[in-house]
Each structure stands twice: as C-alpha cells, then as structure tokens.
Protein chains: 2
Amino acid sequence: MTTGADSTAAALPRSTALDDAAARRRVSMADVAKRAGVSAQTVSRVSNGFPGVVEETRQAVLQAMSELGYRPNSAARALKRGEFRSIGVILFTLSTTGNMRTLEGIAASASEAGYAITLIPVSAPTQIGVRSAFTRLDELAVDAVIVIMEVHLLDSSMFALPPGVHVVVVDSDAGDRYAVVDTDQADGARQAVEHLLGLGHRTVHHLAGPEGSFAAERRAKAWRETLEASGREVPEPLRGDWSGESGYRAGLELADDPSCTAVFCANDQMALGVYRALRERGRRVPEDVSIVGFDDIPDATAFDPPLTTVHQDFAEVGRRCVEQALEQVRGGASRPGSTLVPTHLVERASTAAPPR
Amino acid sequence: MTTGADSTAAALPRSTALDDAAARRRVSMADVAKRAGVSAQTVSRVSNGFPGVVEETRQAVLQAMSELGYRPNSAARALKRGEFRSIGVILFTLSTTGNMRTLEGIAASASEAGYAITLIPVSAPTQIGVRSAFTRLDELAVDAVIVIMEVHLLDSSMFALPPGVHVVVVDSDAGDRYAVVDTDQADGARQAVEHLLGLGHRTVHHLAGPEGSFAAERRAKAWRETLEASGREVPEPLRGDWSGESGYRAGLELADDPSCTAVFCANDQMALGVYRALRERGRRVPEDVSIVGFDDIPDATAFDPPLTTVHQDFAEVGRRCVEQALEQVRGGASRPGSTLVPTHLVERASTAAPPR
DNA sequence: GCTTTCGATGTTTGCGTGAACATAAGACCA
DNA sequence: TGGTCTTATGTTCACGCAAACATCGAAAGC
C-alpha cells in the first residue's frame with residue numbers, strides 16, 4: 001500500500017490530493033462533521049440515536065453520512081466502550097447435527113441481542129488443538145466464549161483461560177466449574193427405554209456412542225439405570241462412533257442375536273446403519289426389531305420406516321448459551337451451574353410390540 | 001473469577017479501592033511496562049515479536065505479561081492497523097451439508113491465515129432478511145465478506161454494500177460482478193447422467209431441487225443437456241425442496257411410472273426419500289430402479305443400498321473462498337470471475353443395468 | 001582521545017469514538 | 001431588565017496500541 005503520500009497531503013487543505021486521500025482512507029466522523037458543518041460529537045450523537053439534536057441538524061448529518069458513505073469504525077467503538085459485542089464459539093466440528101443446530105441457535109440469539117459470533121475452529125480434538133484455540137483467544141475480540149466440546153479435553157487448557165473471558169460450556173459435566181447448558185439426555189434416554197419396555201419388550205439393547213463422549217456416556221448410563229429400575233436384564237452394550245457405517249457393523253451383530261427385539265441407538269445416523277444391517281439379515285423393522293434413535297435429524301422422517309427418536313431442542317440450547325454468556329458479561333461474574341433443556345420422544349413407525 | 005485483585009496488587013502497591021478499579025479494567029501494555037520496568041513501546045515490540053530487544057529485557061517483559069495475565073487488546077490493534085483480520089460469512093442456514101461443510105472449510109483456512117470468522121446469520125431468506133444482514137455489516141468488524149447464498153436474493157441489497165468491503169459469493173452465477181467460487185455442478189450432473197446411460201438405461205428421470213435455487217437449476221440444466229446430447233428422450237422433471245420428505249412424495253410418483261428405471265436426484269436427502277417410496281411400492285434399488293444422488297453426505301454409505309452420488313469438495317470451496325477474499329483484501333481491488341472446484345461421481349451400490 | 005555508528009530503548013503522537021465537561025443562545029420568571 | 005434554567009452544540013480528553021522519531025550508551029574507527 002502506498003497511501004502514505006496521500007494521507008500526508010490530506011493534512012494540508014489542498015484540492016485534488018485531499019479528495020484522493022478521503023477516497024482512499026475510510027470516512028470518519030470528522031469527515032462527516034466537516035461536510036455537515038457540525039462537530040464530530042454531534043455526528044456521534046446522531047450515529048447513536050442520542051437525543052438533544054434538533055431535527056434540522058440531524059437531517060444534515062444523516063445526509064452527509066450517506067453522501068460520504070460513512071460507516072462507524074467498530075474498532076474505535078470497541079476500544080472506547082471496552083467491549084466487543086461479540087461472542088466466540090469454540091468447536092471442533094460442525095459435522096454433527098447437534099453442533100450445527102446449536103451453532104445456528106447461538107447465531108440467531110446473539111444477533112438478536114446485537115452480538116456478533118466469532119468462530120474459533122479447533123483443528124483437531126486433542127489437547128494441543130484445544131489449547132491452541134484458547135491461545136488464539138488472546139488476540140480475539142470476544143467478550144465471552146461458548147465451548148461446544150467434550151470438556152475433558154479442556155481440563156488442563158482451561159487453566160490458561162485469560163481472566164475476564166466468560167465461558168459457557170455445552171455437552172459437558174463441568175457444571176461445578178462453568179456455566180453448562182445441555183439437553184436433558186438422561187431423560188431422553190429414559191423415555192426411549194421406557195417406551196420400548198411399555199411396548200412389551202423384555203429388555204432393550206443399546207448401541208452406544210464412542211468412548212470418551214459425555215453425551216454417549218450419559219445416554220448409556222440412563223439406559224442402564226432405566227433397565228435396572230425395571231428389574232430387566234442389561235445386555236452388553238455395543239459401541240459405535242456415531243457414524244452410519246459403525247451402526248451398520250453393530251447392526252450385523254445385533255441381527256444375529258435372536259433375543260434382540262429392541263435397540264436404543266445413541267444417535268439417528270447409527271440407527272440408519274442398523275436398519276440396513278437388519279434388512280440385509282432379513283429382520284424387519286419394526287415387526288421383528290424395534291429401533292429408537294436419538295437427535296431427531298431432519299431425515300428421520302424419511303427413514304424407512306420413519307424413525308422413532310428422541311428430539312433435542314438445539315435451538316433452545318443455543319438460546320440459553322447466549323443468555324448465560326450475556327448474563328456473565330453484564331454481571332461480570334462467572335456463574336457455574338447447569339441448565340437442562342428438556343428432550344422428548346417422537347414416536348414414528350420404527351417401534352412396535354415384540355414378535356411372539 | 002476474582003483473581004484480578006492479585007495481579008493488580010503486584011502492579012500497584014497501593015490501597016484497596018485502587019486495586020479494585022484496576023482489577024476491573026483490563027491489563028494494558030502500560031501495566032506490563034511498569035511491572036517490567038520498561039517502556040510501553042518495548043512491550044509492544046516483544047508482543048509483536050519485533051527485533052531489537054535484548055534477550056534479557058524480552059524475558060522480563062514476557063514474565064511481566066504472564067504474571068499480569070496480559071492480553072493484547074485487539075480493538076486498539078485494529079484501530080491502529082486499520083484492519084480487523086476477520087472475514088464475515090453471511091448465510092441463511094447451516095442445515096445443508098454444503099453450507100456447513102463450506103463454512104468448516106472457510107473457518108479452517110481463515111484461522112490458518114490468522115483471520116477470524118464472524119458469522120452473520122440471515123434470519124429469513126428474503127430480501128429484507130438479507131438486507132438487514134448487510135446493514136449489520138456496517139457495524140461489523142470485517143475486512144471481507146463471503147456470501148453463501150443464492151445471489152438473486154442479493155441483487156437490490158448489493159447496491160447498499162459499503163465500499164471497501166470485499167465480497168466473495170458461493171453458489172451463484174454472479175461471476176460477472178463478484179468473485180464467485182462453486183463446485184462444478186454441471187459437470188457432476190453430467191457424470192451422473194452419463195453413468196446411468198452407460199449402464200444401459202434408455203433415459204434418466206430427474207428429481208430437481210426447488211425453484212429459485214441456482215444449484216438446482218444448474219443440475220437440472222446439465223441433466224437435460226446431457227440427455228439431449230445423447231439424443232435421449234427428456235422426461236418431465238419432478239421437483240422437491242431438498243428434504244427427504246419431498247423425495248418420498250416424488251418417489252411415489254416415480255414408482256408408479258413403469259418406464260422409470262433410473263433417477264438422478266438433485267441431492268442425497270431426497271434420494272433417501274425416493275428409496276423409501278420405491279421400497280413401499282415394491283420396486284427394488286438398484287435391480288428395478290437405479291438411483292444417483294448429489295452431495296455425498298456422510299450417511300450415503302449407510303443408505304440401503306449405499307448410494308452412488310456426486311461428491312463435492314466443500315472444504316476446497318471454503319479454502320478458495322478465503323483465498324479469493326484475502327487476495328482482494330491485500331490487493332485492494334475486487335476481482336469478478338468464477339472459480340470452479342471439480343466434482344466427481346462416487347459409484348456405490350444404488351445403480352445397475354436396467355431390468356430387461 | 002575524539003568522533004562516528006549502531007543497537008537498544010524511550011517519548012510523542014494519532015488512529016476514531018464518545019463520555020464528560022464547557023459554552024452559547026433562548027425561554028422564562030420575578 | 002437581570003438572572004436562572006434549559007437546550008443545542010462544541011471542546012477536550014482518554015481508550016490501547018504501534019509508527020515515527022528521539023535519545024542514550026557503548027563499541028569501532030581514526
């Protein structure tokens with residue numbers, strides 16, 4: 001860039017050079033003020049909609065603004081106000097329905113509250129990846145951070161958390177240390193299992209999510225406890241990695257077990273894989289085997305048969321996250337504690353009474 | 001968190017009231033400078049890794065920084081430097097594989113280049129929604145904007161685009177006005193159709209995306225042209241809205257048409273719905289009807305049968321977007337023109353020769 | 001021994017805003 | 001008519017940082 005010469009010229013009231021400089025440099029309040037024949041402060045007042053500016057002046061300023069194409073400089077604003085009006089979101093992947101939807105909810109609520117969202121991607125779900133994301137926070141213009149991630153990855157990094165940055169965590173059990181928002185996964189799992197037991201199944205098999213996932217753990221735990229509470233036998237759970245592929249592999253095992261009449265899958269995608277495996281083995285859903293999923297992805301209605309699954313209100317999760325974050329920003333204090341968003345079972349066509 | 005008091009106490013060995021005030025304020029370079037016994041400028045040099053600071057001094061500054069928990073104030077930095085090091089992304093929904101993946105790609109590339117991503121959600125895919133998103137741009141700290149959206153919604157709003165903001169558009173035909181990045185959808189559609197014709201199908205039916213979608217139009221157009229180029233009959237295309245539900249409804253029609261032996265679906269989710277409709281009507285995939293999708297969503301391998309589909313490299317799209325955006329930021333000029341990312345057909349098990 | 005040079009560090013300044021304070025010009029009342 | 005409010009507008013300054021320039025001390029060259 002070689003604007004140096006121009007800006008120097010701008011200091012001197014000259015003709016062409018000045019125009020050039022003004023064109024190159026961004027329009028500031030001072031430019032608008034000069035054009036409108038008022039002081040910069042008056043421009044500021046108009047810009048912020050403050051009272052005490054007579055209508056005539058206001059119009060003159062407004063006109064000068066639009067003529068010059070004035071945009072307030074948010075850096076200067078942030079510097080002056082000491083806040084950025086932006087919330088950072090740290091996450092590893094958008095590839096799961098939950099994360100994606102939660103992010104959407106966050107984005108919607110934040111923009112409604114006049115806050116921007118700054119995405120902080122984590123390159124890899126490792127301590128190093130997470131740590132580097134948090135390091136990047138140092139130079140990021142955010143007032144609060146929402147972490148969508150298994151918090152056990154964070155433990156050691158969290159100590160490096162810059163003070164003054166408020167944190168809300170999703171999908172974690174760190175309610176003792178941070179503000180946590182999540183869906184009531186345990187209750188969702190309970191509803192799923194009880195629904196199947198209510199249909200007459202002797203017990204319910206479980207295709208769990210990967211190890212190390214709190215979501216998977218919570219769902220598995222609630223499944224087990226619900227069975228135990230009813231005095232049912234608890235079959236050995238299978239494990240997938242959330243993918244349809246892994247569901248298919250697990251489904252093959254399940255299909256070979258004639259005692260298996262009901263499966264609670266930890267997410268919908270794995271359920272899709274299970275469908276395929278069962279069909280391949282000649283077992284019908286729901287006549288021979290009932291399936292319940294978790295998430296209620298949009299495609300669940302297009303599954304064949306449409307999937308009975310546990311619906312999670314991710315938009316609400318996002319909303320609460322922002323709510324918590326802003327509360328902290330405004331209150332200045334961190335407030336540990338959990339917020340649970342209710343889940344509910346959506347009954348479609350993949351469950352039925354067991355075969356006799 | 002109330003650790004502030006400690007660090008302040010160290011900086012200013014004075015009374016409580018003062019400590020409190022300083023604790024509330026963020027640590028600035030001046031604080032670090034005082035603590036380390038150097039000038040603020042030296043702190044700045046260390047902070048930016050500039051040369052000309054003797055190792056001993058550097059260490060002292062570094063130590064003072066960490067003792068005080070110093071974080072550079074990015075607002076002040078942006079104000080001084082005249083750039084934000086942030087790219088805005090305007091999009092309506094994350095709910096489609098493409099948008100989500102593209103966003104991921106953008107986020108990854110941007111953070112690699114030292115840029116942050118600011119999400120600018122559009123509340124509704126209407127002129128008003130889009131316009132308000134662009135208006136919000138005024139107060140947003142971004143150097144460039146990537147628009148992931150059907151550009152025909154933008155037309156009139158674009159005139160209000162603040163000067164000095166560079167734009168890259170995804171999924172659009174506005175290559176004459178803006179820098180556009182997209183996958184080579186026409187070629188993908190061509191490959192899909194030719195694959196089916198190559199298997200011996202007389203013609204290929206098409207389940208198109210919604211009206212007004214450029215992606216849908218492009219795919220439909222290429223489908224038609226490929227058929228025409230081979231001198232095949234062009235059946236009336238059906239229309240869905242990208243959802244599995246709409247695919248199911250269209251599939252029902254398709255199933256009733258005995259002449260239909262091959263369907264090219266404009267996306268994978270609709271293909272899933274078609275699967276279900278065909279199965280309900282007793283038509284097998286691929287023995288009776290071959291299906292090809294578009295997108296290659298992760299679940300495509302878990303479909304039953306695994307779906308043959310057109311793969312799009314969204315990560316690459318995101319990468320190119322950032323590349324284009326940064327080029328504009330650095331070059332200062334807007335550069336219209338299209339960048340096409342190749343697509344390719346992934347053959348799985350949903351296609352076969354037609355029944356005889 | 002005296003300047004010259006250069007490397008390390010300090011001082012000044014201004015980026016664009018908006019809070020706080022200052023001023024000017026009427027309006028109103030006694 | 002003089003004084004007191006009120007209202008509209010202007011001035012000053014600081015936010016935190018870093019570019020530009022200034023200074024200082026020591027090593028190098030004569």
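Reminder, nothing fancy here: chain letters follow the sequence lines and each chain counts from 1.
- Between A:T57 and A:R45, the side chains place no donor N or O within less than 3.5 Å of an acceptor N or O (distance only, hydrogens not considered).
- Within the 4.0 angstrom heavy-atom criterion, no nucleotide atom of any strand lies near B:V43.
- For B:V54 and A:P72, each mapped to the nucleotide of DNA chain C holding its nearest heavy atom, the one lying further toward the 5' end belongs to B:V54.
- Looking at heavy-atom distances under 4.0 Å, B:T42 makes contact with sugar-phosphate atoms alone, never a base.
- As a whole-Å value, the separation of A:K34 NZ from C:dG16 C1' is 14 Å.
- Residue B:R85 contributes atom CZ, which lies 15 Å from atom C1' of D:dC17 at whole-angstrom precision.
- For the pair A:A76 and A:V53, nearest-nucleotide mapping onto DNA chain D gives the more 5' position to A:V53.
- The phosphate of C:dT17 (OP1 or OP2) has no side-chain N or O of A:S47 nearer than 4.0 angstrom.
- Atoms CZ (B:R45) and P (C:dG7) sit 13 Å apart, rounded to a whole Å.
- Of the candidates C:dG10, C:dT17, D:dT11, D:dT11 carries the atom nearest the A:Q41 side chain, counting heavy atoms from C-beta on.
- Taking only distance into account, the side chain of B:R71 never meets the base of D:dG16 through a donor-acceptor pair shorter than 3.5 Å.
- When distances are taken from the side chain of B:T57 to each of D:dT9, C:dT9, D:dC15, the shortest belongs to C:dT9.
- Out of D:dT9, C:dA19, D:dA18, the shortest distance to the side chain of B:M29 is found at D:dA18.
- In this structure, NZ of B:K80 is placed 12 Å from C1' of C:dG16, rounded to the nearest angstrom.
- Using modelled atom types, one side-chain atom of B:Q328 and one backbone atom of B:V167 make a donor-acceptor pair closer than 3.5 Å.
- We find that CG of A:N48 is positioned 10 Å from P of C:dT17, with the value rounded to whole Å.
- If you check C:dG10, D:dC17, C:dT17 against the side chain of A:Y70, the one that comes closest is C:dT17.
- Interatomic distance, B:I146 CD1 to B:I120 CD1, rounded to the nearest 0.5 Å: 10.5 Å.
- The side chain of B:S28 sits closest to D:dG16 out of C:dG18, C:dT9, D:dG16.
- Rounded to whole Å, the distance from CZ on B:F50 to C1' on D:dC17 is 11 Å.
- Across the protein-nucleic acid pair, B:R58 atom CZ and C:dT9 atom P stand 11 Å apart, rounded to whole Å.
- The CZ atom of A:R81 sits 9 Å away from the C1' atom of C:dT17 (whole-angstrom rounding).
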### Message
If you apply the rule side chain to side chain donor-acceptor pair (under 3.5 Å), what do you find for A:Q63 with A:Q59, and how did you get there?
### Response
CA-CA 6 Å; A:Q63 187 181 340; A:Q59 285 306 329; over 6 Å; no

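- Ion pair B:E323/B:R320 not flagged as a salt bridge, since none of the NZ, NE, NH1 or NH2 atoms sits closer than 4.0 Å to an Asp/Glu carboxylate oxygen.
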